[in-house]
Amino acid sequence: MKKIFFVTPIGNKNTDVRRTADFVMNTFLRPVAESLDFDVLRADPLQEVSDISNTILEQLASADLVIADTTGANPNVMFELGYRMALNKPYLILTQNVDEIPFDIRGIRALQYEVTAPDVEDFKERLNQMIRIVEDAPSLSAGSAEALGERMGADMLANAIQSGDFSTLENFVRLAKKFGSTIDEDDK
């Protein structure tokens, strides 16, 4: 089974931070991950003899996907996200407030979620689509023009999913048809 490592502020038991981490993991991540044949792990339940820092670094290096919750700009989360980014391996960013994302990573796409009266099904669908896009991205060969086009298309799709505004994609399809390209039913 593929593995998602969830990087999040964890906090002590019975704190709001822990309740939020548990809520996001159990309500959003686990159901979507299981539907895509992923297992979700978080640092706190890992039972290892070695130093927890080494265990976390091993998980960051070996996971098929890292999902980092940058809510509150927790220093541990930022370090772990930076480490994963340096490994040039797939990751997604979640946050409760995109305005709180630090400047250095503000340009990276992030999925915003709510813990007060959330639209759980809408968020799970957007998360599902983003995971599938990220999962497909590593298969693209980095050097070709075709790969560049595929990455740009994946970015356009991811932005549409994140924002809920599909007009850019609709305009692109109209423009492609104008230049004689066809869109297969499988591509829709």
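If you're wondering where the values come from, they're calculated on a predicted model, not measured in any experiment.
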For Glu114 and Phe28, which heavy atoms make the closest approach, and how far apart are they? O-CZ, 3.9 Å
Compare all side-chain heavy atoms of Val32 with those of Ile131 and state whether any distance is below 4.5 angstrom. yes
Joint hydrophobic cluster, Ile56 plus Met85, side-chain heavy atoms closer than 4.5 Å: yes
Roughly how far, to the nearest 0.5 Å, is CG of Asp119 from CD of Glu125? 11.0 Å
Report the distance from atom CG of Leu92 to atom CG of Asp69, rounding to the nearest 0.5 Å. 12.0 Å
Are side-chain heavy atoms of Leu65 and Val134 found at a separation under 4.5 Å? yes
Any side-chain heavy-atom pair of Thr71 and Thr20 under 4.5 Å: no
Can Ile10 be reached from Ile4 by stepping across I, L, V, M, F, W or Y side chains whose heavy atoms are under 4.5 Å apart? no
Quick check on the hydrophobic clustering: are Leu81 and Val17 connected, directly or via other members, by side-chain heavy-atom contacts under 4.5 Å? no
Could you tell me whether Arg19 and Asp22 have a side-chain N and a carboxylate O separated by less than 4.0 Å? no
Measure from the side-chain N and O atoms of Ser62 to the backbone N and O of Glu58, and report whether any donor-acceptor pair falls under 3.5 Å. yes
Residue pair Asp122 / Val120, side-chain heavy-atom distance below 4.5 Å: no
Taking the side chain as everything from C-beta on, heavy atoms only, tell me whether Met78 gets closer than 4.5 Å to Ile105. yes
For Asn97 and Thr95, run side-chain hydrogen bond (donor to acceptor under 3.5 Å, both in side chains): C-alpha distance rounded to whole Å, both residues' side-chain angles, the deciding distance at 0.1 Å, then the answer. CA-CA 5 Å; Asn97 185 349; Thr95 186; over 6 Å; no
Distance (rounded to the nearest 0.5 Å) between Glu100 CD and Gln112 CD: 9.5 Å
What's the spacing between Asp64 CG and Met1 CE if we round to 0.5 Å? 11.0 Å
Sole candidate of Leu57, Val66, Val7 that passes side chain to side chain contact (heavy atoms under 4.5 Å, CB included) when paired with Glu80: Val7
Tightest non-hydrogen contact, residues Val40 and Arg30, listed as O-NH2, 3.7 Å
Can you check whether Pro90's main-chain N or O pairs, donor with acceptor, with Arg84's side chain at less than 3.5 Å? yes
Minimum side-chain heavy-atom gap Arg109-Ile93 below 4.5 Å: no
Just so I know, are the side chains of Asn12 and Arg18 near enough to count as touching, which here means a heavy-atom distance under 4.5 Å? no
By salt bridge (Lys or Arg N to Asp or Glu O under 4.0 Å), Lys2 pairs with (sequence neighbours left out) Glu135
Keeping the roles fixed (side chain from Asp39, backbone from Lys3), state whether a donor-acceptor pair exists under 3.5 Å. no
Considering only heavy atoms from C-beta outward, does the side chain of Tyr113 approach that of Gln96 to under 4.5 Å? yes
Can you tell me if CG on Asp37 sees more than 12 non-hydrogen neighbours from other groups inside 6.0 Å? yes
Have Asn128 and Arg132 got a donor and an acceptor in their side chains that come within less than 3.5 Å? yes
What are the two closest non-hydrogen atoms of Ala21 and Phe6, and how far apart are they? O-CE2, 3.8 Å
Point-to-point distance, once rounded to the nearest 0.5 Å, from CG of Leu127 to CD1 of Ile67: 5.0 Å
Report yes or no: does Arg126 contribute a side-chain atom to a donor-acceptor pair with the main-chain N or O of Leu111 at less than 3.5 Å? no
Begin from the C-alpha positions of Ile108 and Tyr91 and carry the test side chain to side chain contact (heavy atoms under 4.5 Å, CB included) through to its verdict. CA-CA 10 Å; Ile108 299 171; Tyr91 61 89; 3.7 Å; yes
